[in-house]
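Right, one structure below, let's go through it.
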Amino acid sequence: MPFYHKLGKVPHKRHTQFKKADGKLYREEVMGLEGFSSIQSILYHHFLPPRVKMTEDLGSAKPEYVDFGPIRHRAFRTDQTPLGPDPVSARIPLLGNNDVILGVSRAKGSMGYFYRNSQAYETWWVHDGSGTLKSQFGNLPFRKGDYIVIPFGVTWQMELSEECKFFTIENPSQIEPPKRYRNNYGQLLEHAPYCERDIRLPEELETHTERGDFEVRVKVRDRLSRHVLDHHPFDVIGWDGYLYPWIFNIEDFEPITGRLHMPPPIHQTFDAHNFVVCSFVPRLFDYHPEGIPAPYNHSNIQSDEVLYYAEGNFMSRKGIDRSDISLHPFGLPHGPQPGMTEASIGKSETQELAVMVDTFHPLNLTKQAAEMEKPEYMSTWLEGDGE
């Protein structure tokens, strides 16, 4: 969410001498995207940012995909995924292509190391739990329902207050509000379903000057490396700019409603390269006297649709439980299962909560996803009298 922010101490002018009390210089770092032509921030360090004591290759970080098989609608049960030691170690990739990787994570503890994804943005949607995202930009407390958005190159760790469950989105492009919500200056417009007041920014900048061995795991070029620093990576005394982690809570998304059923783009929350993120939140149903609240059947032409079901009874779905993920690939029509359209008539509202990701190129399936599949899902459209 690019707008200007500042924490800690910075000099009056950029690229000028900025000295510590002992007369030594703080070390300036310009951290930006797209070769100095996109958003950036300037950070001031106690130690030289390139200082690395030791490096080690930890192997491939690329998801391993399996044969997709015959094209069909799929659902995956994720509530029993293994409980890992920390969020990054526990993450399981499920679906992906060159534009995005979707996964889940269930973690019981905090990270004892630091992590940096230098090839992608990461969005961690918090289904359950709470904690704090710590980075060189400051602290960001998070809670249930938060989209935690972490740009390229941020060094971070999560400190959990309790067991947490996440739906994760990783993409080698920026995450941003759709252009139709913004004016020429980037400000969110009056018709947007959220505004800048809803965005939570880093706070409580912690400046560490400890020396010792500090592990940073770096993901880049589809591999994971271990870097050992001789100083704490959160040594920033101050920073300013447009590039930093931020949080938006799904409860602050204000749904757009109408007399007749509204199409999925009204739920769009974020935009990225070749995919979108949407939020289905509790809302009033359509108010035309002859309206049908359940969605109409539609063909996913040039779009794979993924839904992470969080809370409530989803009005158009059977055979779906909390934490399930559905995949409706393009090439097939889909819509309400038998009886769901009729059941929706006369209903005034829904309490459903879900995160949707629509991709504009086909998604691949990982081995882990195949093991979580609910094979009966495709047959749920055969129930009833077949009309």
Side-chain angles (χ1 to χ4, degrees), residues 1 7 31 43 58 61 78-79 81-94 101-171 175 199-208 210 213-220 224-229 232-236 239 243-251 270 277 308 310 323 355:
M1 183 63 198
L7 274 182
M31 182 176 171
L43 304 91
L58 297 179
T78 74
D79 62 336
T81 53
L83 185 63
D86 65 77
V88 174
S89 299
R91 179 163 50 180
I92 299 173
L94 300 177
I101 300 171
L102 305 175
V104 292
S105 173
R106 289 180 63 235
K108 60 183 178 181
S110 303
M111 295 166 61
Y113 57 92
F114 303 88
Y115 177 75
R116 180 193 311 141
N117 192 329
S118 292
Q119 69 179 41
Y121 261 64
E122 294 200 1
T123 301
W124 292 66
W125 187 71
V126 186
H127 189 182
D128 287 316
S130 60
T132 301
L133 178 80
K134 296 191 169 187
S135 76
Q136 71 267 51
F137 294 92
N139 295 338
L140 264 171
F142 63 81
R143 63 181 187 272
K144 181 181 175 70
D146 278 345
Y147 289 101
I148 309 170
V149 181
I150 309 170
F152 294 90
V154 174
T155 302
W156 56 272
Q157 63 179 186
M158 283 189 188
E159 187 176 276
L160 303 190
S161 302
E162 57 189 314
E163 181 181 314
C164 289
K165 182 192 297 181
F166 304 93
F167 175 59
T168 66
I169 305 168
E170 182 182 352
N171 51 286
I175 284 280
I199 307 298
R200 307 205 312 271
L201 308 181
E203 56 189 44
E204 192 187 356
L205 180 65
E206 291 185 7
T207 303
H208 292 267
E210 301 97 309
D213 290 345
F214 296 88
E215 179 184 359
V216 181
R217 298 180 189 176
V218 182
K219 184 175 183 180
V220 70
L224 197 64
S225 296
R226 175 185 288 119
H227 286 190
V228 176
L229 279 57
H232 197 291
F234 299 163
D235 66 332
V236 172
W239 66 271
L243 183 67
Y244 47 80
W246 49 273
I247 287 177
F248 171 72
N249 193 281
I250 198 170
E251 294 180 359
F270 305 125
V277 180
Y308 180 92
S323 302
V355 175

Below 4.5 Å, heavy atoms only, C-beta onward: do [X] and [Y] meet side chain to side chain?
X: T207; Y: F234; value: no
X: L160; Y: M158; value: yes
X: E204; Y: K134; value: no
X: R106; Y: C164; value: no
X: K144; Y: D128; value: yes
X: L83; Y: E163; value: yes
X: L102; Y: I169; value: yes
X: Q119; Y: K219; value: yes

Side chains of [X] and [Y], donor plus acceptor under 3.5 Å:
X: R143; Y: S130; value: no
X: N139; Y: E203; value: no
X: Y113; Y: S89; value: yes
X: S110; Y: Q157; value: no

Would a line drawn from the ring center of [X] to the ring center of [Y] be shorter than 6.0 Å?
X: F214; Y: H208; answer: no
X: F137; Y: W239; answer: yes
X: W246; Y: F270; answer: yes

Full working for side chain to side chain contact (heavy atoms under 4.5 Å, CB included) between T81 and D79: CA-CA 6 Å; T81 53; D79 62 336; over 6 Å; no

I need the minimum non-hydrogen distance between [X] and [Y], along with the two atoms involved.
X: P202; Y: P245; answer: CD-O, 3.2 Å
X: L224; Y: A61; answer: N-CB, 4.1 Å
X: D86; Y: V88; answer: OD1-N, 3.1 Å
X: D146; Y: P141; answer: OD2-O, 4.2 Å
X: R200; Y: L140; answer: O-CD2, 3.7 Å
X: T155; Y: P233; answer: CG2-CB, 4.2 Å

Please confirm whether the backbone N or O of [Y] pairs with a side-chain atom of [X], one donor and one acceptor, at under 3.5 Å?
X: S105; Y: P87; value: yes
X: N117; Y: V154; value: no
X: K108; Y: P85; value: no

For a side chain to side chain contact (heavy atoms under 4.5 Å, CB included) check, start with the C-alpha distance between T123 and I148, then their side-chain angles and the critical distance, and finish with the verdict. CA-CA 5 Å; T123 301; I148 309 170; over 6 Å; no

Testing Y308, W125, Y147, W124 one by one against F167 for a ring-ring contact (aromatic ring centres under 6.0 Å, His included), which residue passes? Y308

I would like to know whether Q136 and F114 meet side chain to side chain contact (heavy atoms under 4.5 Å, CB included); could you show each step before the answer? CA-CA 11 Å; Q136 71 267 51; F114 303 88; over 6 Å; no

Against the six-membered ring of Y115, is R217 placed for a cation-pi contact (under 6.0 Å from the centre, within 45° of the normal)?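 That pair does not qualify as a cation-pi contact.
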
Residues in ring-ring contact (aromatic ring centres under 6.0 Å, His included) contact with H227, at least two apart in sequence or another chain: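 In terms of ring-ring contact (aromatic ring centres under 6.0 Å, His included), with neighbours along the sequence ignored, H227 is linked to no residue.
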
